[in-house]
2 protein chains.
Amino acid sequence: MNAGRTARERARAEVTREITEIARRQLGTEGAGGLNLRAIARELGMVSSAVYRYFPSRDDLLTALIIDAYNAVGEAVERADVACEPEDHAGRWRAVCHAVRDWALAHPHEYALIYGSPVPGYQAPVDTVAPAMRDTVVYGRILASAYAAGALAPPDGFPAPPDSFAGDAEAVRQVMPGLPDDLVARAIAAWTGLFGFLSFEVFGQFANVVDDRAALFDHTVDTLGRLAGLPAPARG
Amino acid sequence: MNAGRTARERARAEVTREITEIARRQLGTEGAGGLNLRAIARELGMVSSAVYRYFPSRDDLLTALIIDAYNAVGEAVERADVACEPEDHAGRWRAVCHAVRDWALAHPHEYALIYGSPVPGYQAPVDTVAPAMRDTVVYGRILASAYAAGALAPPDGFPAPPDSFAGDAEAVRQVMPGLPDDLVARAIAAWTGLFGFLSFEVFGQFANVVDDRAALFDHTVDTLGRLAGLPAPARG
DNA sequence: ACCAAATCGAGAGCACTGCTCTTGACAGCG
DNA sequence: CGCTGTCAAGAGCAGTGCTCTCGATTTGGT
């Protein structure tokens, strides 16, 4: 990942970096569909065909941007998590949610790239699955840690998952070890709920409906965390 | 909506219908970005410029498809709702959720069009807001009716929304009259949670993680309905 | 029944895209 | 030094959205 030995290798890495940087800026202003190899080449002072030396196709550039985006959220989430008291599970959950939201609002097009409609005709290669898991892994760690500490006390009155869910729960437990099936199901509901809210917000579904989205988000995060079993927030 | 007077008007309506039909099929196979005016013209046996007599731009065609999509979900949801016993509020909620899911899985690209990333550079015109509200209106009616019947009994142990939410709650009450602020907040969480789950499912985020998505969906719908205060399901 | 106005499809054309192929220049290594 | 692999450049292909013009047809009013 760091500087290669030969001058050629270093130059190549530098140009590659510049291309993704310009592409990311293009993505921010035009969206995924507006990714334009020729415009990137123009901005670099190169001819379009030269860009193909670095990315064999537009989709490969997109893949690089997708991986970057996953890593950006993942890193933001990881940083927000470790900044918390390890035993303050509700605080960690809140920090993670806000990290995702802050990043999503700052980079709506990149959020759309990874959590919105898949790019037509584009099939995510395997290289993307590890970065795509980073935020989920953090989330799972929080819940597993809370459960291990006996701090997961889900509210009563909710139905239990069907027995047929046992298999999937076992798979999901890879990222949140120890949780019983019903808590796994709730964890998924809370997680998808988070992104449901954010998609509504980023994609403009709240326009003319909800004004103070930050306040509603705060409260929704608390509600979802509570649903997953995390303790209720101390604040008012 | 029905046959116009003159032969020309009828022919125009027919060609317009054919264009949107082909476009919708194209959308189903290629996605929104693959919408291709020239291919539509070819399939119609016309020349590309002729299509512009009916839709002044690609975006206008897209708008028509978006409105169609909103109306399709809206109609599916309305039909599912009226097929239920009016006082079976939990059943109506379940029916609505399943109607949305069935439609989304049957028309993933159209779902992406209205609930996924907004098309880059495309600004939804006002004509879309009424169709976009249809499903939400049905949802609000169910909750309002349940609340009026005294059937909304939300589980305890969840935080109350902040006072600053009062203004937004008042606005949202237009579609779910009577509900107190805390139930409005929960209603939004349940609604966004539904689409969060569906977006994960339709956009492939569940791949290699959750296999039996139908079962988990059923359970998540019950959980979200319960969160909103609807009675727990009778089934096991 | 006629005629002007509106509407329509065809065709050519513009500016642009992703992508391919070839050519000539240069850097790295023996 | 010379060989080999890499590079940017340029021309070019097929395709796109969209515009403009030009005849043909339909429409509605007289």
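Every chain is numbered from 1 and lettered A, B, ... according to where its sequence line falls, protein lines coming before strand lines.
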> To the nearest Å, how far apart are A:Leu62 CG and C:dC19 P?
Replying inline: 10 Å
> Which nucleotide of DNA chain D is the first, and which the last, in the 5' to 3' direction, to come under 4.0 Å of a heavy atom belonging to chain A?
Replying inline: D:dG5 to D:dG12
> What is the distance, rounded to the nearest whole Å, between atom CD of A:Glu30 and atom P of C:dC16?
Replying inline: 14 Å
> Choosing from C:dG11, C:dC19, C:dG9, which nucleotide comes nearest the side chain of A:Arg58?
Replying inline: C:dC19
> OP1 or OP2 of C:dT7 less than 4.0 angstrom from a side-chain nitrogen or oxygen of B:Tyr54, does that happen here?
Replying inline: no
> Under 4.0 Å between a side-chain N/O of B:Arg12 and OP1 or OP2 of C:dC8, yes or no?
Replying inline: yes
> CD of B:Glu14 versus C1' of C:dC8: gap in Å, rounded?
Replying inline: 16 Å
> For A:Met46 and C:dG18, what is the distance between atoms CE and P respectively, to the nearest whole Å?
Replying inline: 13 Å
> Does B:Ile67 offer a backbone N or O that forms a donor-acceptor pair with the side chain of B:Asn71 under 3.5 Å?
Replying inline: yes
>> Tell me the closest heavy-atom pair linking B:Gly34 and B:Gln26, and the distance in Å.
In response: O-OE1, 3.4 Å
>> Any base atoms under 4.0 Å from B:Leu35, or only sugar-phosphate, or nothing? Heavy atoms, all strands.
In response: sugar-phosphate
> What is the distance, rounded to the nearest whole Å, between atom CG of B:Leu37 and atom C1' of C:dC16?
Replying inline: 15 Å
>> Could you tell me how far apart A:Tyr52 (OH) and C:dC19 (P) are, to the nearest whole angstrom?
In response: 4 Å
> Quick one: does B:Trp103's side chain have a donor or acceptor within less than 3.5 Å of a partner on B:Gly74's backbone?
Replying inline: no
Enumerate, atom names and distances included, each donor-acceptor pair closer than 3.5 Å involving a side-chain atom of residues 185-200 of chain B, sequence neighbours excluded.
| unit_1 | atom_1 | unit_2 | atom_2 | d |
| --- | --- | --- | --- | --- |
| B:Arg186 | NH1 | B:Pro155 | O | 3.3 |
| B:Arg186 | NH1 | B:Leu227 | O | 3.4 |
| B:Arg186 | NH2 | B:Pro155 | O | 3.2 |
| B:Thr192 | OG1 | B:Ile188 | O | 2.9 |
| B:Thr192 | OG1 | B:Ala189 | O | 3.2 |
| B:Ser199 | OG | B:Tyr111 | OH | 3.0 |
| B:Ser199 | OG | B:Phe195 | O | 2.9 |

> Is the side chain of A:Glu75 donor-acceptor paired with the backbone N or O of A:Arg134 at a distance under 3.5 Å, no angle test?
Replying inline: no
>> Nearest to the B:Arg53 side chain among C:dT17, C:dG9, C:dT22, which nucleotide is it?
In response: C:dG9
>> Under 4.0 Å, heavy atoms only, any strand: does A:Phe55 hit a base, just the sugar-phosphate, or nothing?
In response: nothing
> Has the side chain of B:Ser49 got a donor or acceptor atom sitting under 3.5 Å from an opposite partner on the base of C:dG9?
Replying inline: no
> So, are A:Arg173 and A:Glu170 salt-bridged, with charged N and O less than 4.0 Å apart?
Replying inline: yes
> In degrees, rounded to 10°, what is the bend between the two ends of the helix from C:dA1-D:dT30 to C:dG30-D:dC1, using five pairs at each?
Replying inline: 10°
> Mapping A:Ser48 and A:Val51 to their closest nucleotides on DNA chain D, which lands nearer the 5' end?
Replying inline: A:Val51
> Checking side chain to side chain contact (heavy atoms under 4.5 Å, CB included) for the pair B:Asn36/B:Glu30: CA distance, chi angles, key distance, verdict?
Replying inline: CA-CA 9 Å; B:Asn36 187 325; B:Glu30 309 286 334; over 6 Å; no
> Could you walk me through whether A:Val209 and B:Asp168 pass the side chain to side chain contact (heavy atoms under 4.5 Å, CB included) check?
Replying inline: CA-CA 7 Å; A:Val209 179; B:Asp168 283 332; over 6 Å; no
> Contact class for B:Ser57 vs. all strands (heavy atom < 4.0 Å): base, sugar-phosphate, or nothing?
Replying inline: sugar-phosphate
>> Under a 3.5 Å threshold, yes or no: a donor from one side chain and an acceptor from the other, between A:Ser57 and A:Asp60?
In response: yes
> Would you say C:dG18 has OP1 or OP2 under 4.0 Å from some side-chain N or O of A:Asn36?
Replying inline: yes
> For atom CD of A:Glu14, is the number of surrounding heavy atoms from other residues, nucleotides or ligands below 6.0 Å larger than 12?
Replying inline: yes
> Nearest-Å distance, CD1 (A:Ile19) to P (C:dG18)?
Replying inline: 13 Å
